[in-house]
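Scroll down for the structure; my scribbles are underneath it.
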Amino acid sequence: MVHETETTHAPDEVLDRAIRFFGERVPHNAAFPEKRGEGYLLLRGQGGEEIAVHASREGERTRVRIGTLLFDHAVGRFLSTLGAGVTA
């Protein structure tokens, strides 16, 4: 499923926060960085499952898109920490 939201956080801050959140705040479903580049992050977790994060600046806001097959609940929790509404 793909989850989307907008936030006032800068794209790099969103990616840094994702690394901390999925590595520390969801220990039973932890996921760790596998690849990172300009505006994207790939996390790998339990059983090799992926969390793909994309964050790009659009005006004064940052659009965040996260794709995952297994981590939907944890992704929803993470997006709620960014201080904006979440759409799936």
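Atom set for the values below is all heavy atoms of this structure, side chains included, hydrogens, waters and symmetry mates excluded.
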field: Arg57, CZ: over 12 other non-hydrogen atoms inside 6.0 angstrom
entry: yes

field: For Glu49, salt bridge (charged side-chain N to carboxylate O under 4.0 Å, His left out) partners two or more places apart
entry: none

task: Treating Ile, Leu, Val, Met, Phe, Trp and Tyr as nodes and any side-chain heavy-atom pair under 4.5 angstrom as an edge, say whether Leu42 and Leu79 lie in one connected cluster.
output: no

query: Got Met1 and Asp72 here, is their nearest side-chain heavy-atom distance under 4.5 Å?
result: yes

task: State, to 0.1 Å, how close Arg25 and Arg77 come at their nearest heavy-atom pair, and which atoms those are.
output: O-NH2, 3.8 Å

- request: Write down the atom of Phe22, the atom of Ala74, and the distance for their closest heavy-atom approach.
  value: CE2-CB, 3.8 Å

query: Aromatic rings Phe78 and Phe21: how do their planes relate, parallel, tilted or perpendicular, breaks at 30° and 60°?
result: tilted

- request: For Asp16, enumerate each residue passing the side-chain hydrogen bond (donor to acceptor under 3.5 Å, both in side chains) test, keeping only those at least two apart in sequence or located in another chain.
  value: Arg36

- request: Let me see the working for His3 and Val75 under side-chain contact (heavy atoms from CB on, under 4.5 Å), right down to the final yes or no.
  value: CA-CA 8 Å; His3 303 265; Val75 167; 3.6 Å; yes

task: Consider only side-chain heavy atoms of I, L, V, M, F, W and Y, link residues closer than 4.5 Å, and tell whether Ile19 and Ile51 are in one cluster.
output: yes

message: Checking the side chain of Thr7 only, and the main-chain atoms of Thr62 only, is there a donor and an acceptor separated by less than 3.5 Å?
response: no

- request: Please report the closest heavy-atom contact between Ala18 and Leu43, naming both atoms and the distance.
  value: O-CD1, 4.4 Å

field: Where Gly23 and Phe32 come nearest, the two heavy atoms and their spacing
entry: CA-CE2, 3.9 Å

message: Taking the side chain as everything from C-beta on, heavy atoms only, tell me whether Leu82 gets closer than 4.5 Å to Thr5.
response: yes

- request: Identify the two heavy atoms, one from Arg17 and one from Thr81, that lie closest to each other, and give their separation to 0.1 Å.
  value: NH2-O, 2.8 Å

field: Nearest non-hydrogen partners of Pro11 and Ala55, listed with the distance
entry: CB-O, 3.6 Å

Verify same cluster id: Leu15, Tyr40 (apolar side-chain graph, 4.5 Å): no

Counterpart residues, side-chain hydrogen bond (donor to acceptor under 3.5 Å, both in side chains), relative to Glu58 (two or more places apart): Arg63

message: A side-chain contact here means heavy atoms from C-beta on lying under 4.5 Å apart; do Val2 and Ile66 qualify?
response: no

task: To the nearest 0.5 Å, tell me how far Arg65 CZ sits from His54 NE2.
output: 8.5 Å

Residue pair Glu4 / Val64, side-chain heavy-atom distance below 4.5 Å: no

